[in-house]
Protein chains: 4
Amino acid sequence: MMNRVVLVGRLTKDPDLRYTPSGVAVATFTLAVNRAFSNQQGEREADFINCVVWRKPAENVANFLKKGSLAGVDGRIQTRNYEGQDGKRVYVTEIVAESVQFLEPKGASGGGGGGRGNDFYGAPPMEPQGNPFGGGNQNQRQNSNQGFTKVNDDPFAGSGQIDISDDDLPF
Amino acid sequence: MMNRVVLVGRLTKDPDLRYTPSGVAVATFTLAVNRAFSNQQGEREADFINCVVWRKPAENVANFLKKGSLAGVDGRIQTRNYEGQDGKRVYVTEIVAESVQFLEPKGASGGGGGGRGNDFYGAPPMEPQGNPFGGGNQNQRQNSNQGFTKVNDDPFAGSGQIDISDDDLPF
Amino acid sequence: MMNRVVLVGRLTKDPDLRYTPSGVAVATFTLAVNRAFSNQQGEREADFINCVVWRKPAENVANFLKKGSLAGVDGRIQTRNYEGQDGKRVYVTEIVAESVQFLEPKGASGGGGGGRGNDFYGAPPMEPQGNPFGGGNQNQRQNSNQGFTKVNDDPFAGSGQIDISDDDLPF
Amino acid sequence: MMNRVVLVGRLTKDPDLRYTPSGVAVATFTLAVNRAFSNQQGEREADFINCVVWRKPAENVANFLKKGSLAGVDGRIQTRNYEGQDGKRVYVTEIVAESVQFLEPKGASGGGGGGRGNDFYGAPPMEPQGNPFGGGNQNQRQNSNQGFTKVNDDPFAGSGQIDISDDDLPF
DNA sequence: TTTT
DNA sequence: TTTT
């Protein structure tokens with residue numbers, strides 16, 4: 001069995017960084033990858049591909065990438081499913097990034113970076129399974145996790161996650 | 001922009017071969033790709049990845065692969081969306097296979113095969129856009145989706161498509 | 001059988017564009033791809049990977065890339081061998097690029113570019129076999145081709161190739 | 001920087017398993033990957049691609065693969081160079097396999113296998129650098145390269161390496 | 001809606 | 001719900 005994906009595209013929005021209750025960082029973002037060919041109307045369409053990255057590289061993504069950033073992803077396709085609000089099963093296909101490469105020229109993205117290497121490695125082969133994009137109750141599991149806090153919105157995210165109801169979370 | 005996917009896995013069902021009104025073959029199938037690692041319960045899960053292939057390789061897929069066949073796919077990720085029955089937009093992520101490789105040992109799959117080469121090349125960079133998996137009204141278009149005829153079910157599929165208006169189809 | 005390579009790196013020199021006697025463009029270049037990890041001395045080494053690209057994208061490469069350009073390559077590994085000057089067989093491993101992606105920001109590379117798409121597709125599945133990097137007599141073939149003229153050096157390359165000795169050429 | 005290779009092909013010979021003086025397993029093998037197209041003579045050629053794999057998966061490769069086995073490789077391209085016998089620099093391009101997938105049907109390869117998973121993960125991002133294929137003096141170092149002991153030939157390989165100075169080895 |  |  002083999003499962004390998006390589007993408008280069010641009011972030012459609014700022015990445016979304018959250019933490020699991022056990023403190024594992026997870027970032028999600030969508031890459032717009034322009035197609036190499038034009039459609040019948042002569043336009044070049046794009047594919048919009050959801051990506052997830054875990055742990056340290058998740059934090060790097062949040063720190064160094066933003067809407068419009070050019071980035072490369074090396075990872076694998078993951079499928080999962082969960083029960084939607086309406087009780088129907090929702091099927092999700094997304095990319096688990098094992099490394100994310102920052103392809104903007106130096107200094108382009110404000111943040112910093114420094115040094116000459118700028119790829120972020122990390123998705124371990126056993127990263128936590130979950131639904132970092134939200135949007136439903138994950139799988140069959142009943143659970144009482146407290147889930148994510150968006151670090152960009154709340155610099156103190158690591159601490160206070162108290163006001164999040166168990167049922168709102170995908171873990 | 002780069003977009004490359006390589007998969008090796010097993011077909012979850014026999015492939016589904018159809019033809020567009022203009023006579024272009026398109027096959028769809030799902031690959032089960034076992035993960036390289038085990039989950040917390042010690043089980044090895046699989047990803048179930050939808051694939052589409054066009055033209056001659058579509059026919060090869062239909063002829064040489066069946067449920068359980070081991071196959072390799074080299075292609076790209078495609079996203080599209082359409083309006084669901086309930087009027088809600090449905091987002092789809094699938095693999096457009098540019099080549100499909102038959103990895104069963106010789107003679108394993110009944111059909112035939114012969115020779116030593118057995119990879120099926122094909123998805124052109126400008127293959128017809130559409131929703132070969134069905135399941136909704138494609139894109140913004142209003143249509144009544146009589147569309148495809150399954151060649152496996154109907155050996156005469158190539159002929160009787162006369163009552164399908166071009167406007168009914170997602171291409 | 002599957003054979004897929006995806007690279008992102010920087011050109012170590014200006015690309016080298018030549019034409020076969022039958023007028024087919026072929027460009028060669030070397031990509032420096034920094035490794036994701038450091039060696040025992042704490043340095044990040046690079047791999048220097050030879051690439052070949054044929055036809056129209058070869059000309060695009062010559063026109064839009066130069067020493068230091070950041071580029072992506074999607075292609076396959078090719079091996080070949082030829083008899084060296086000393087009569088010994090020389091083994092070569094290189095990448096045949098099917099598409100080359102220009103990843104510099106707009107305006108960065110002098111040349112121009114224009115438009116919004118900037119990937120160069122091309123290596124046909126049956127590109128001419130040869131030794132575009134030079135360095136030996138190709139394979140078993142006896143031949144009297146006049147071979148390449150470097151377009152960058154000689155804008156009139158298409159015409160006058162008369163002063164190139166047969167024995168200097170890899171075809 | 002990105003560097004990703006995926007191959008499926010057949011071993012041209014039994015794999016070669018050795019151990020570094022510090023006891024790290026390293027296996028080398030060559031994959032024959034048939035091309036998807038035919039040459040002008042109508043023959044389908046193959047590319048012969050050298051692969052290296054480290055640690056546990058190296059031992060799995062030695063145990064489960066042999067000449068003719070169908071295998072998949074997911075890894076990266078590595079280039080290195082060393083001084084040849086004649087004092088000339090020799091350039092090497094090879095694949096460092098991060099995972100190797102055994103694609104033969106169960107029972108096909110004698111050995112065993114067992115269980116349902118059969119991919120071998122392993123090449124760490126910082127695997128020892130060296131010249132497991134032999135064939136020269138590695139890098140700038142002067143050495144007399146007694147190096148490796150082939151475990152298949154010598155079941156006691158793990159023990160008798162006492163007379164090899166650390167300076168003689170490419171690690 | 002999942003393969004061995 | 002889309003990027004340059």
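Throughout, a chain's letter reflects where its sequence line sits, starting with A, and its residues are numbered from 1.
Listed candidates were E:dT2, E:dT3, F:dT2. Nearest to the side chain of B:T30 is E:dT2. Which of E:dT3, F:dT3, F:dT2 sits closest to the side chain of A:A46 comes down to F:dT3. Proximity note for A:Y91 (side chain, C-beta onward) versus F:dT3, E:dT1, E:dT3: the nearest is E:dT1. The side chain of B:F48 sits closest to E:dT3 out of F:dT2, E:dT3, F:dT3.
If you check every strand for non-hydrogen atoms under 4.0 Å, A:G68 touches sugar and phosphate atoms only. Among the atoms of the strands shown, none is found under 4.0 Å from any heavy atom of B:K13.
C:F102 places its CZ atom 18 Å from the P atom of F:dT4, with the value rounded to the nearest Å. Between B:R44 atom CZ and E:dT3 atom C1' there is a gap of 13 Å when expressed in whole angstrom units. With rounding to whole Å, B:I77 atom CD1 is found 19 Å from F:dT2 atom P. When rounded to the nearest whole Å, the span between CG of A:D47 and P of F:dT3 equals 15 Å. Straight-line distance from the CG atom of A:L11 to the P atom of F:dT4: 10 Å, rounded to whole Å. Spacing between atom CZ of A:R10 and atom C1' of F:dT3 amounts to 7 Å, rounded to whole angstrom units. Counting to the nearest Å, the P atom of F:dT4 and the CD atom of A:E45 are 18 Å from each other. To the nearest angstrom, C1' of F:dT4 lies 13 Å from NZ of A:K66.
In this structure, CG in A:L31 is found 11.0 Å from CZ in A:F48, a value given to the nearest 0.5 Å.
In terms of heavy-atom proximity, A:A25 sits nearest to A:E59 at CB-CG, 3.7 Å. Closest approach of A:R76 and B:F37 over heavy atoms only: NH2-CZ, 3.7 Å. Listed here is the closest heavy atom pair of A:A71 and A:L65: CB-CD1, 4.0 Å.
Taking the side chain as every heavy atom from C-beta outward, B:R35 and B:E43 never approach each other to under 4.5 Å.
Between the side chain of A:N34 and the base of F:dT3 there is at least one donor-acceptor pair of N/O atoms closer than 3.5 Å.
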